[in-house]
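Start at 1 and go down the list; that is how both ligands and their atoms are numbered.
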Amino acid sequence: MVKMSAAEVREARNQTVDLMTELDRKVHWLSAWMIHNANHLRESRDGLKVGGHQASSASMATILSALYFGVLGEKDRVAVKPHASPAFHAIQYLYGRQSLDQLQRFRAFGGAQSYPSRTKDQTLVDFSTGSVGLGVAVTAFASIVQDYLLAHGRMDPGDEGRMISLLGDAELDEGNIYECLIEGAKHDLRNTWWIVDYNRQSLDATTWDRMFLRFADIFQAVGWEVVTLKYGRELQAAFRRPGGQALRDWIDQCPNDLFAALSFQGGAAWRTRLLADLKGSHGVADLIGSYDDAGLGRLMTNLAGHDLELLLETFQGVADTRPRLFIVYTIKGFGLPFQGHKDNHSGLMTEAQMAQYQTAMGVAPGAEWDAFAGLPRAPSDYQAFLKTTPFARRAAASAQAATIPVPAEADFPAPKGRQSTQVAFGKVLNDLARQGGPLADAIVTTSPDVTVSTNLGGFVNQRGVFARSLRDDRFKAEAIASPQRWGMSPTGQHLELGIAENNLFLALAALGLSSELFGQRLIPVGTLYDPFINRGLDALNYACYQDARFLLVATPAGLTLAPEGGAHQSIHTPLIGMAQASLTYFEPAFVDELTHVMRWAFEHMQQPDGGSVYLRLSTRPLDQPDRVLDAAGKADLLRGAYWHVPPAPDAELAVVYTGAVAPEALDAFAQIREDVPGAGLLAVPSPDLLHRDWSATLAARAQGRRLTDDGLAHAERLLGRLPAHAALTTVIDGPPATLAWLGGVRGQRVAPLGLDRFGQSGDIPDLYRAYRLDADAVLDAAASALSPIGR
Ligand SMILES: Cc1ncc(C[n+]2csc(CCOP(=O)(O)OP(=O)(O)O)c2C)c(N)n1
Ligand SMILES: [Mg+2]
C-alpha cells in the first residue's frame, strides 16, 4: 500500500471538504427551490399558502450536510428538526434516495412531507418530527432501548449507533426535554447527541438573551458534555488580528435582537454600528476597514453552524459515548435576503429574490432541479463521492424483525373467582413470565412510578428491573419482608420510569420502534393511571403517528375508582381511545374477555397493518359469568361487541354496556326482562373497533365495495337482530357519546348514560346514583327510550 505523506493527507482532506462544501450549496439551493416551487410555481387550487420554511432550512442546512456527507454511520439514527425537512429531502435526493417527483410535490398530496414522517414519507426517516420537543426526547429513549438490546445480548457490542436529534433553539423551551433529561441521568444515558441550531430566533421573534448560558448549566448538571460552537474559522482568524479581541468582546456582549437586526441589514450597517461602538479600540478601524461591505457582512455572520469544516472536525473528533449537547450558533435564513429578520420564520423569497439567489448559486435557468448543476466538478465526481460516505452504507429501507409467536389460548387462562380486570391483567403477565418462551422474553414492561399499583408487580418479581449495571434489592438483602422484589440488572425486563407520563409515551414510542430502528422486536407493555393519559397525550399521539407498537394498559379508570375522587377519575378517555388513530381501545368488563383481548393484542401489535392497543381497566372486583365463550362469541368480541343475552326477534329493547358498569347493566336487564321478555343485552368491549368498522363499511359501501361477504358492518349485523323500531339504552363509565352513536346505525332510538361532569370522592353506590350509572338509571333510561317525547 502506498503511504501518503502528511501533506498529501491534508490535501486529500481539503479536497473532500471542498467537495462537501459544493454539495452543501446544493442542499441550500434545492431546499429553497423546493419551497419556492410549492408556493410560487405549482398550481394552487384552494388559495391556501403552502408554506415551507426557507429560513429554518438555510439555518441548519450545513449542519445536516456535515452529518450526512461526513459523519453519520450506518447505525446512527436521526430526528431532523421539523422545519429543516426540505434540507433533509434535498440530501436524500443528492444520494439518489429521494425522487424528483417527491421534491416537486413537497407539501402536496402524496409528495415529500412538510415535516419528516416515518409513515408518510417515501424515503427512510428514522424519527418523525413536527410537534417540537418530542423528536428530541425520543432519541434519548431510543438510546436506552439500544442499551437494553445490548445488555440482553440482542445486539452485538460495537454495533451501537448514535441517536441524534437536530433541533431548533426554541425547542429547548419544551418541558418534555427536561423530563427526559432527568430520566436519562438515571439510566446512564449515552450515545445521544442533540445538536442545537442556535439561531436565537423562535417563530415569533428573537429569543431571550438570559437563557444563553443557562442551557449549558442545565445539561452539565445532568452529566452531559456541552460543546459550544460559536465562531466560524473566518471570524476566529479575524479575532487573532489587531482589534480582533475587541470585536470578539463586542459580539459576545451583543444582544440577540441587535445581532439579528444587523445580520438582516448587512455590511454597511455592521460597519456603522461597530465603528461607533468600538471607537477608540486599538486596531478595530483598520480591521473593519480591511473588508468591503459584502465581506464584512459575510465575516460577521460566519458563525460555526455555517462552517462545514469546523462542524466536520468537531463531530468527527468525538471519541467517547457521553451524551453531548452541541450548541451551534447560526443565522436564521443564512444567505437569504431575510436572514436575521425577526419575522422570517415563515418568510418566502419573492420571485425576484429567488431569481437573484439563483444567479448567485450559479444555477442556469431550466437546471433548477438538476442535482449538481452549477457546481465546478463533473456530476460523476459527486456521485462517486456519495457512494463512499459512511451514510451510503445505510440500507435504503429498515429491515423488519421476525414475528414472535404468541402462545396458544390455553396459555392465557382466565383467572377464576371474583376479581377486577386490573388484577387479571397482572395475573396474565405473571403467568406468561412464569411459563417463559419467546413472547415472555420479548416483553418489556414500563411504568411512570405506578408499577406496583397497576399490578405489574408479578411480572417484575419474575423478570427483574432493567439497569445497565447490577444493583441489589437492598430490602431483600436486609431480609426485610416485602412482596415486591426490586433487584436491578442488565437482564431485567422492566424499565422503571419516574413520574412523568410524557416519558412513558416516548419510551413506548422508542420501544415500539425497536424492530424498525434496530431490527430486534420487543413487545412493550406500559401502564399508567387512566386519567394521566391526558398528561402525555401529545407524546401518545406522536408514538402512534410513527406507528410504534405497544400495549398501553390504563388503570384504574373512570368514576369507578370512587374514593380517589375527581382528580383521579378519568372522564373522557374512551373518546380519546376511539379518536386516536393507530390505537385500538378495549374496555373489557370480564376477565375472559380480557385474556382473549390480550392474546389478540400481542398478535395485532406485530402485524404489518396492525397497531397499538389501549386497555382501559378497572380495580372494581366483579363476579365473573359462568361461561366459556365459543368461537363465534370470541370472534364477535374481537370485532368489538357480542350479544351477552341475544334478543328475541320481536324485542322492543336492548341494554348496551361497556366495562365496569356491567353489574348495573345486568341488574337492570334482569328487571327489564320481567316486563320486556325478549330484550337483549349487548356487551361492547371495544366501542372503538365497532365504530371504526361501521365507518369503514359505510365508506366502502359508498364506493360500491364490500369488506365482508354480507357487506354488513358488525354493528349492523348485531343490531339487525332487533326490530328497526326497538330502542337502545347504553351505559359506560365514560362519555355517553362513546355508545350513543349506535342509535344511528339502524335509526333506532337511544337513551345514552355516562359521565358529563367531573367526579368526586364517594363509594360506588353513591357515585353511580349521583352520576346516573346505577341500575335505576338504566331502568329510567330504558323507559324513556321506549316512550320518547312526542309519542
Ligand atoms: C408543540 C409545538 N408547538 C408549536 C409549534 C409551532 N412552531 C413551529 S416552529 C416553532 C419555533 C421554531 O423555533 P426554533 O425551534 O428555534 O426553530 P428555527 O426555525 O428557529 O430553527 C414553533 C413555535 C410546533 N411545531 N410544535
Ligand atoms: Mg431558532
Is the gap between the ring centers of Trp224 and Phe326 under 6.0 Å?
-> no
Quick one: list whatever passes side chain to side chain donor-acceptor pair (under 3.5 Å) with Arg42, sequence neighbours left out.
-> none
When you check the gap from the basic side-chain N to the acidic O, do Lys342 and Asp257 get nearer than 4.0 Å?
-> no
Close side-chain approach of Tyr68 and Leu386, heavy atoms under 4.5 Å = no
Shell check on the Mg ion (ligand 2): protein N, O or S atoms less than 2.8 Å away are Asp169 OD1, Asn199 OD1, Gln201 O
Looking at Trp270, Phe264, Tyr329, which one forms a ring-ring contact (aromatic ring centres under 6.0 Å, His included) with Phe259?
-> Trp270
So how far is it from Leu552 CG to Leu528 CG, rounded to the nearest 0.5 Å?
-> 6.0 Å
What residues form a side chain to side chain contact (heavy atoms under 4.5 Å, CB included) with Leu41, not counting sequence neighbours?
-> Trp33, His36, Asn37, Glu351
In sequence, state the C-alpha distance, the side-chain angles, and the governing distance for Ser346 and Lys49, and then conclude on side chain to side chain contact (heavy atoms under 4.5 Å, CB included).
-> CA-CA 10 Å; Ser346 44; Lys49 173 183 170 178; 3.7 Å; yes
What residues come within 4.0 Å of ligand 1, counting heavy atoms only?
-> Ser56, Lys81, His83, Gly130, Ser131, Val132, Gly168, Asp169, Ala170, Glu171, Glu174, Asp197, Asn199, Gln201, Ser202, Leu203, Lys332, His345
Check ion pair Glu234-Arg298 (N to O, under 4.0 angstrom) = no
